[in-house]
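Read the structure below first, then the notes.
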Number of protein chains: 2
Amino acid sequence: MTLAEIAKRAGVSSAVVSRIINGDKTLRVSAETRARVEAIVRDVNYAPNVAAQTLRSSKSGTIAFVVHDVANPVYGEILRGAQEEAERQHKALILGDAAAGNASNSRLAQLIGGGGVDGLILQAAGLQSDNLILRAAHEKVPVVQLQADLGMGDHLIQLPDAKAAAVATRHLRDLGHRRIGCLATAKGLTFTEDRLRGWRAVMGADADPDLIAHCGPRAVEGEAAFKALLDRQPGMTGLVCFNVISAIGALRVARARDIAVPGDLSIVSIHDVKFAQDLWAPLCVVRMPLAEMGQAAIRTVCGGDAKTPTRTTIAADPELVIRNSTAPPRS
Amino acid sequence: MTLAEIAKRAGVSSAVVSRIINGDKTLRVSAETRARVEAIVRDVNYAPNVAAQTLRSSKSGTIAFVVHDVANPVYGEILRGAQEEAERQHKALILGDAAAGNASNSRLAQLIGGGGVDGLILQAAGLQSDNLILRAAHEKVPVVQLQADLGMGDHLIQLPDAKAAAVATRHLRDLGHRRIGCLATAKGLTFTEDRLRGWRAVMGADADPDLIAHCGPRAVEGEAAFKALLDRQPGMTGLVCFNVISAIGALRVARARDIAVPGDLSIVSIHDVKFAQDLWAPLCVVRMPLAEMGQAAIRTVCGGDAKTPTRTTIAADPELVIRNSTAPPRS
DNA sequence: ATGTTTTGGTAAAACGTATTACCATGTGCT
DNA sequence: AGCACATGGTAATACGTTTTACCAAAACAT
């Protein structure tokens, strides 16, 4: 059912129908005509063709949201916040998963390049598909990067990452730990470097670079990195993990090697997830407002002003959630 | 940059450009002209306007995927499978979260009603927003429902749910359990009823309806339902959970009440998740191919034939993954 | 009776693409 | 010379909406 058909039924021009539907205040029309049109619109359950609207207005009412692993609960939380705010702004989210398949979201890239989305939110991971998507969007559509700045002059939203790492490390220091390992995320990413700064600041003179291990976001990578770290730092009594998934990897290794947590090793992770308390060792974490970041991303994308890139840091203080994975070092 | 602009630069009509880009075999054009056009297209990094294409072709290249909780790892897995297959089919996924906000995906509903998507995949949960979305899509676009049939004559994809529940229950019976509780999902949903049938079939004469408790998909609901069940069935030694999240709820209650798992209570859950082995008690589960279901959903949506609804059951046998949450009953 | 304003609309263009039908011109054949 | 046919394209239209500019008729004022 199109505007024209409705117009024909009502015996008016399609302009009238369109203007009534869109509440055009400058339209003067008799009460009867208005009622007649409205009745028909309701009757046939008219739904305007979105492609035509998009073509006319250059606004699609959709936003691309690209993460690198939908199944990761941390991104799920960001996504939830974004979804809620998108609903408020009357936008729909198109989901991109940089890790899905080896290809690079080909249709999504077309949508981005071809005016099919009003903006792009990218949680980058340093994959080259990130750069592909980014290039497609650049200068065409507002782009918001989450947590990591790939240096293309886009909007950036950050969490208080340095502070979060500092809080985690401080907690272990306060318990008396001195050899505190750092199971970090991929080198070079903005939030990785920020968190490393936080860890170093608290460690002070104890900030031995050899205590740092980097790994990807999958549990098996976390396991491998932690094994290596443990082998070269047997005296380590505390561990700060930048990624809750890698923390799970560390827990697996600890359990396999009969390392008591928190007896022999205290672990703090960054980012809370729903089931952290249900793990083999209830995981002590530093919580940051992930959903709020998703929300802020949508706001920034919708807030126009594509020209002047903004850097936003979510204001809330990182919150230490103490659970039974930390304790003073043995003797 | 539009077709027309490129055409002007190349000194041809836009028809030629369009037909070159789309590989029209019936187009006869000189090699030089073709090369010239292709060079310009490459040069300006031409990206066709998707709204115009959609308007012209009535194909948007997007599919709506609606779940009720993005953050639930089980849906994450389905989504991953769907995403991969969508990439293969060159489609983008528009994500709907029935639970996000109290509103009901207003823009998504418009997209669905207005030709903005080529199909809808719905993981229903019995919310009324499900019906809203479904009505918007009905008769306009192919609809695939996952696991639960809301009875609108759409395509349906199912897992071997009865068998899965039977496998779980059988495992406990084989260990010697007789009083086996059933922490089920919401009443009336197709997969709930299927799984109940599986449980009943194995329980035989022991299938006391009082052993069944229903609960929603959140951990706190699982906790409450399990508490009630435990209070009225103190002799229960085994538990089958239809939802891994409710299983986590049960584990919480067990830990709080000093009920040993698997010593005092054996638990089997339906659906495996990445961290099941990392829980307080490594959770024994029945695994079904969730990603494959997501994949099948995309295939069905893209497979045309919107007219004749199909029922597909994923063929693979449910796989029992034994972990340390089950044991023979105490004496 | 003529000029002005209000009422109640309408006509037309534009957004960018894909496709169908058509058409000059040149070339080869007889 | 006259005809057919291949070559290398082009013109026009439709998809459905929104918006601007305009306009006839009626009401009102003088």
Side-chain angles (χ1 to χ4, degrees), chain A residues 1-38 40-41 44-62 107 110-118 140-141, chain B residues 1-38 40-41 44-61 107 110-118 140:
Chain A
M1 186 64 45
T2 78
L3 271 191
E5 295 181 71
I6 293 178
K8 194 181 302 173
R9 284 198 204 193
V12 295
S13 71
S14 43
V16 169
V17 183
S18 173
R19 296 172 71 186
I20 286 181
I21 289 175
N22 295 11
D24 182 343
K25 280 308 182 190
T26 77
L27 170 67
R28 289 283 61 199
V29 79
S30 74
E32 310 101 75
T33 306
R34 180 182 295 270
R36 187 158 26 99
V37 169
E38 282 173 345
I40 299 182
V41 165
V44 302
N45 213 333
Y46 171 69
N49 183 295
V50 292
Q53 288 180 319
T54 302
L55 181 56
R56 182 84 230 281
S57 66
S58 309
K59 284 291 161 207
S60 67
T62 57
R107 177 70 210 171
Q110 293 183 343
L111 288 174
I112 293 171
V117 301
D118 294 341
K140 297 199 169 186
V141 109
Chain B
M1 185 65 45
T2 78
L3 273 189
E5 294 180 72
I6 293 178
K8 194 181 302 172
R9 287 201 201 189
V12 294
S13 72
S14 45
V16 169
V17 183
S18 172
R19 296 173 71 186
I20 287 182
I21 288 174
N22 295 10
D24 182 344
K25 281 306 179 190
T26 79
L27 170 68
R28 289 283 59 198
V29 78
S30 73
E32 310 98 77
T33 306
R34 180 182 295 270
R36 189 160 20 102
V37 169
E38 280 172 347
I40 299 183
V41 165
V44 303
N45 213 334
Y46 170 70
N49 182 294
V50 292
Q53 287 181 319
T54 302
L55 181 56
R56 182 89 228 284
S57 65
S58 309
K59 283 291 161 207
S60 67
R107 172 91 266 231
Q110 293 182 343
L111 289 174
I112 293 172
V117 303
D118 294 341
K140 298 199 170 186

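None of these values were measured; they are calculated from a predicted model.
- Residue B:S30 places no side-chain N or O under 4.0 Å from the OP1 or OP2 atom of D:dT7.
- Across the interface with DNA chain C, nearest-nucleotide mapping of B:V16 and B:A51 shows B:A51 to be the residue nearer the 5′ end.
- Here C:dA18 presents its C1' atom at 4 Å from CZ of B:R56, a figure rounded to the nearest Å.
- No contact: B:T54 has no heavy atom under 4.0 Å from any strand.
- Relative to the side chain of B:N49, the nucleotides D:dT17, C:dT17, D:dG9 differ in distance, and C:dT17 lies closest.
- Contact of A:R19 with C:dT10 (side chain to base): a donor-acceptor pair of N or O atoms is detected under 3.5 Å.
- B:V29 comes within 4.0 angstrom of the backbone, heavy atoms only, and of no base.
- A:T33 comes within 4.0 angstrom of the backbone, heavy atoms only, and of no base.
- The minimum heavy-atom distance between B:G116 and B:S60, with the atom names listed, is O-OG, 3.2 Å.
- Closest non-hydrogen pair, B:K140 versus A:A47, comes out as NZ-CB, 3.8 Å.
- Atom P of nucleotide C:dG8 and atom CD of A:E32 are separated by 8 Å, given to the nearest angstrom.
- Residue B:N22 is classed as a sugar-phosphate contact, given heavy-atom separations below 4.0 Å to backbone atoms only.
- Side-chain contact between A:I40 and A:V17: absent, with no pair of heavy atoms (C-beta onward) separated by less than 4.5 Å.
- Within the 4.0 Å cut-off from OP1 or OP2 of D:dT17, at least one side-chain nitrogen or oxygen of A:Y46 is found.
- Rounded to a whole Å, the CD1 atom of A:I6 is 12 Å from the C1' atom of D:dT17.
- A heavy-atom distance below 4.5 Å is found between the side chains of A:M1 and A:R9.
- In this entry the distance linking CG of A:D24 with P of C:dG9 reads 14 Å, nearest Å.
- Using a 4.0 Å heavy-atom distance criterion, B:S18 is classed as a base contact.
- The interatomic distance linking A:I21 (CD1) with D:dT17 (C1') rounds to 10 Å, in whole Å.
- Across every non-hydrogen atom of A:G115 and B:V50, the tightest pair is C-CG2, 4.1 Å.
- Nearest nucleotide to the side chain of A:Q53, out of D:dA12, C:dT17, D:dT18: D:dT18.
- Judged by distance alone, with hydrogens and angles left aside, the side-chain atoms of B:R36 form a donor-acceptor pair with the main-chain N or O of B:A10 at under 3.5 Å.
- When the nucleotides C:dG16, D:dT17, C:dA18 are ranked by their closest atom to the side chain of B:L55, C:dG16 comes out on top.
- Scanning both residues, A:V117 and A:V141, for their nearest heavy atoms gives O-CG2, 3.3 Å.
- When rounded to the nearest whole Å, the span between CD of A:E5 and C1' of D:dG16 equals 10 Å.
- Protein atom CG of A:L27 is 13 Å distant from nucleotide atom P of D:dT18, rounded to whole Å.
- Checking D:dG16, C:dT10, C:dA18 against every side-chain atom of B:L3, the shortest atom distance belongs to C:dA18.
- In this structure, the helix from C:dA1-D:dT30 to C:dT30-D:dA1 shows an angle of 70° between the axis at its start and the axis at its end, each fitted on 5 base pairs and rounded to 10°.
- Between the NZ atom of B:K59 and the C1' atom of C:dA18 there is a distance of 16 Å, rounded to whole Å.
- When distances run from any side-chain atom of B:V12 to the nucleotides C:dT10, D:dT10, C:dG8, the shortest one goes to D:dT10.
- Here B:S13 reaches the OP1 or OP2 of D:dT10: one of its side-chain N or O atoms lies under 4.0 Å away.
- A donor and an acceptor atom, one from each side chain of B:R107 and A:T62, are nowhere located under 3.5 Å apart.
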